[in-house]
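Values reported hereafter were calculated over all heavy atoms of this structure, with side chains retained and with hydrogens, waters and symmetry mates removed. Proteins come first, then strands; the chains are lettered A, B, ... in the order of their sequence lines, and each starts at number 1.
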Amino acid sequence: MIPSEVADLRAALLAWYDVHARTLPWRTPPGAEVRTDPYRVWLSEVMLQQTTVPHAAPYFERFTTRWPTVTDLAAVEDADLMAAWAGLGYYARARNLLACARAVANDHGGVFPDTEAALLALPGVGAYTAAAVAAIAFDRAANVVDGNVERVVARLFAVETPVPAARPELKRLAAILVADDRPGDWAQALMDLGSGVCRPKSPLCLMCPISQWCAGRATGEPERYPLKTKKAARPHRQGIAWVLRDGRGRVALVRRPDKGLLGGMTGLPTSDWTETPPDAQPPVAADWAEAGAVDHVFTHFSLTLTVRVATGQGDFLWTPEAVALASLPTVFRKALERALAM
DNA sequence: CATACGTGGGA
DNA sequence: TTCCCAAGTAT
């Protein structure tokens, strides 16, 4: 694509964005002089990693209400932060979120660094998030490449290499379109185009402001891009969750190790999760009764969790069940709801 | 480069 | 039902 075409394409997309920009709590409106607080940009970007806007939005509202600044967030107890994140998934994000807030508070005087390189050095901030914060919060000409941008670029240039192998090439192609004019708006425009028009299925080419430059559309099969390598089938595992209750509506819970699946989160005591039915001992001797099973799907395996319930005393972390229901990972919330329905 | 890491919604 | 995801990062 020659420079004059790039300039025309950029102008067309930015003009479209001026009219069609989505209004979101963390969004800097097109052409705004006052940019969104870097703290809010960073928080939204972390929450939106592999997560839909409708899922993340209520979390964003709760977090910014409880913790209006990064310094406020840095002062939170680990367990409180993990509880507030419960249900949003990918819990390493929550652990890194806190580590990042503390790094900004302690090492940067409570002020987010304003360069891509310095942002990249922060915990939980990778190539995408560093570029996004640099562009959106600081209006720097960063090459912001997320899944949406990859799709737009793969179609625009009809890239025949499948992802993930094509990632470096897609990033290089995206960089051709970056310029010093309105970098923050450019990043958001490209992502909005990807999510709203250049959709994975049924792209709306007739509404696309840059379709005249799109090689993918010219092939007649824009939806074919980006090509993908086939994924391995998801294995299935089985396990047991034990719900030990006392007479006052409390439930025995445990804190999971900081690393690994659901790391750092509160959960029910369980057996190991294995391919074959587990033959595990309950955490305490009691009159255990079957309460059925719940199914849950993680990214890399699916799980059938058999639920067993008993009344008794346990040497666990006891938490009022009302709090537990609101602050457990979904797999445990399902199991607990199943047990309490007995 | 491959793998681990959640969740809920839509086709 | 089953599959595919959605604004990725760390190791």
Side-chain angles (χ1 to χ4, degrees), chain A residues 22 24-27 40-60 82 85-97 99-100 119-133 135-137 142-152 161-168 170-171 174 184 187-196 198-202 223 226 228-237 256-265 267 273 294-303 305 328-334:
Chain A
R22 297 182 65 182
L24 296 165
W26 49 83
R27 184 53 77 81
R40 295 167 69 87
V41 175
W42 161 75
L43 181 62
S44 69
E45 291 300 342
V46 174
M47 287 183 167
L48 288 166
Q49 290 168 7
Q50 300 290 288
T51 306
T52 59
V53 167
H55 193 188
Y59 286 83
F60 181 84
M82 299 311 285
W85 196 274
L88 199 50
Y90 283 145
Y91 298 100
R93 290 186 294 173
R95 302 194 297 274
N96 287 328
L97 191 82
C100 182
L119 289 161
L120 189 57
L122 295 168
V125 176
Y128 163 74
T129 303
V133 174
I136 298 170
N143 188 21
V144 181
V145 182
D146 68 346
N148 287 313
V149 176
E150 284 182 354
R151 184 172 54 258
V152 170
T161 312
V163 287
R167 295 246 153 84
L170 294 173
K171 190 163 184 174
Q188 295 174 99
L190 210 47
M191 292 191 283
D192 273 17
L193 185 75
S195 65
C198 197
R199 310 180 299 189
K201 311 258 187 202
S202 308
E223 192 174 321
K228 303 193 180 197
T229 54
K230 221 172 171 173
K231 295 179 191 162
R234 195 191 331 260
H236 186 257
R237 297 183 192 170
R256 297 175 62 84
D258 277 328
K259 295 193 183 267
L261 188 70
L262 310 173
M265 298 299 291
W273 299 344
V294 295
D295 291 302
H296 191 73
V297 179
F298 294 98
T299 304
H300 56 297
F301 67 94
S302 57
L303 175 70
L305 201 52
L328 259 44
T330 300
V331 63
F332 296 123
R333 185 175 52 72
K334 287 182 183 173

Novice: If you go through the side-chain atoms of Thr299(A), does one of them form a donor-acceptor pair with the base of dG6(B) closer than 3.5 Å?
Specialist: yes

Novice: Please name all residues satisfying side chain to side chain contact (heavy atoms under 4.5 Å, CB included) with Phe298(A), sequence neighbours left out, ordered by chain then number.
Specialist: Leu261(A), Leu262(A), Trp273(A), His296(A), Phe301(A), Leu303(A), Val331(A)

Novice: Using the ring-ring contact (aromatic ring centres under 6.0 Å, His included) rule, take Trp85(A) and Tyr59(A) through it: C-alpha gap first, then chi angles, then the decisive distance, then the call.
Specialist: CA-CA 7 Å; Trp85(A) 196 274; Tyr59(A) 286 83; 7.1 Å; no

Novice: Please work out if Ala127(A) contacts a base, only the sugar-phosphate, or nothing of the nucleic acid, heavy-atom cut-off 4.0 Å.
Specialist: sugar-phosphate

Novice: Looking for any heavy atom pair under 4.0 Å, which part of the strands does Pro54(A) touch: base, sugar-phosphate only, or nothing?
Specialist: nothing

Novice: Tyr128(A) versus Val149(A): any side-chain heavy-atom pair under 4.5 Å?
Specialist: no

Novice: Relative to the 5' end of DNA chain C, which residue comes earlier, Leu24(A) or Val125(A), by the nucleotide with the nearest heavy atom?
Specialist: Leu24(A)

Novice: How would you label the contact of Ser44(A) with the nucleic acid (heavy atoms, under 4.0 Å): base, sugar-phosphate, or nothing?
Specialist: nothing

Novice: Select base, sugar-phosphate, or nothing to describe what Gly263(A) touches, counting heavy atoms under 4.0 Å on all strands.
Specialist: nothing

Novice: How far does the C1' atom of dC4(C) sit from the matching atom of dG6(B), given to the nearest Å?
Specialist: 15 Å

Novice: Grab the CG-C1' distance between Asn96(A) and dT11(C) for me, whole Å please.
Specialist: 12 Å

Novice: Could I get a table of every N or O pair under 3.5 Å where one atom is in the protein and the other is in nucleotides 1-5 of chain C?
Specialist:
| unit_1 | atom_1 | unit_2 | atom_2 | d |
| --- | --- | --- | --- | --- |
| dC5(C) | OP1 | Lys228(A) | NZ | 2.6 |

Novice: Look at all strands and tell whether Arg151(A) reaches a base, only sugar-phosphate, or nothing, counting heavy atoms closer than 4.0 Å.
Specialist: sugar-phosphate

Novice: Is the phosphate of dG8(C), meaning OP1 or OP2, less than 4.0 Å from a side-chain N or O of Gln49(A)?
Specialist: no

Novice: When you check the phosphate oxygens OP1 and OP2 of dA6(C), does a side-chain N or O of His55(A) lie under 4.0 Å from one of them?
Specialist: no

Novice: Using atom C1' of each nucleotide, how far apart are dA10(C) and dC1(B) to the nearest Å?
Specialist: 14 Å

Novice: Send over the distance from Arg93(A) CZ to dG6(B) P, rounded to a whole Å.
Specialist: 9 Å

Novice: Report the distance from atom CZ of Arg256(A) to atom P of dA4(B), rounded to the nearest whole Å.
Specialist: 16 Å

Novice: Could you tell me how far apart Leu303(A) (CG) and dC5(B) (P) are, to the nearest whole angstrom?
Specialist: 13 Å

Novice: Return the 5'-most residue of the pair Pro123(A), Asp192(A) with respect to DNA chain C, ranking by each residue's nearest nucleotide.
Specialist: Asp192(A)

Novice: Between atom CG in Asp258(A) and atom C1' in dT11(C), what is the gap in whole Å?
Specialist: 17 Å

Novice: Starting at atom CD of Glu223(A), determine the distance to atom C1' of dA11(B), rounded to an integer number of angstrom.
Specialist: 11 Å

Novice: How would you label the contact of Leu88(A) with the nucleic acid (heavy atoms, under 4.0 Å): base, sugar-phosphate, or nothing?
Specialist: base

Novice: Check this for me: does any side-chain nitrogen of one of Arg151(A) and Asp146(A) sit under 4.0 Å from a carboxylate oxygen of the other?
Specialist: no

Novice: With no hydrogens and no angle check, is any side-chain donor or acceptor of Arg22(A) less than 3.5 Å from a backbone partner on Arg27(A)?
Specialist: no

Novice: What is the distance, to the nearest angstrom, from the CZ atom on Arg199(A) to the P atom on dA6(C)?
Specialist: 11 Å

Novice: Just to be sure I understand the rule, does Gly87(A) reach a base, reach only the sugar-phosphate, or reach nothing, if contact means heavy atoms closer than 4.0 Å?
Specialist: sugar-phosphate

Novice: Between dT7(B), dA6(C), dT9(C), which one does the side chain of Thr52(A) approach most closely?
Specialist: dA6(C)

Novice: Rounded to whole Å, how long is the line connecting atom CG of Leu170(A) with atom C1' of dG8(C)?
Specialist: 15 Å

Novice: Excluding sequence neighbours, so at least two apart, what forms side chain to side chain donor-acceptor pair (under 3.5 Å) with Arg256(A)?
Specialist: none

Novice: Can you name the residues that form a salt bridge (Lys or Arg N to Asp or Glu O under 4.0 Å) with Arg167(A), not counting sequence neighbours?
Specialist: Glu150(A)

Novice: Taking only the C1' atom of each, what is the distance from dA6(C) to dC5(B) in whole angstrom?
Specialist: 15 Å

Novice: Mind checking side chain to side chain contact (heavy atoms under 4.5 Å, CB included) for Gln50(A) and listing every partner two or more places apart, or none if nothing turns up?
Specialist: Tyr90(A)

Novice: Establish whether the base of dG8(C) is bridged to the side chain of Thr51(A) by a donor-acceptor pair shorter than 3.5 Å.
Specialist: no

Novice: Taking the side chain of Leu261(A) as its heavy atoms from C-beta onward, which of dT7(B), dA6(C), dC5(B) lies nearest to it?
Specialist: dC5(B)

Novice: Using only side-chain N and O atoms of Tyr90(A), determine if any of them is under 4.0 Å from OP1 or OP2 of dA10(C).
Specialist: no

Novice: Listed by chain and number, what are the side chain to side chain contact (heavy atoms under 4.5 Å, CB included) partners of Ser302(A), not counting sequence neighbours?
Specialist: Arg234(A), His236(A), Val297(A)

Novice: Between His300(A) and Pro168(A), just flag the one whose closest nucleotide in DNA chain B comes earlier from the 5' side.
Specialist: Pro168(A)

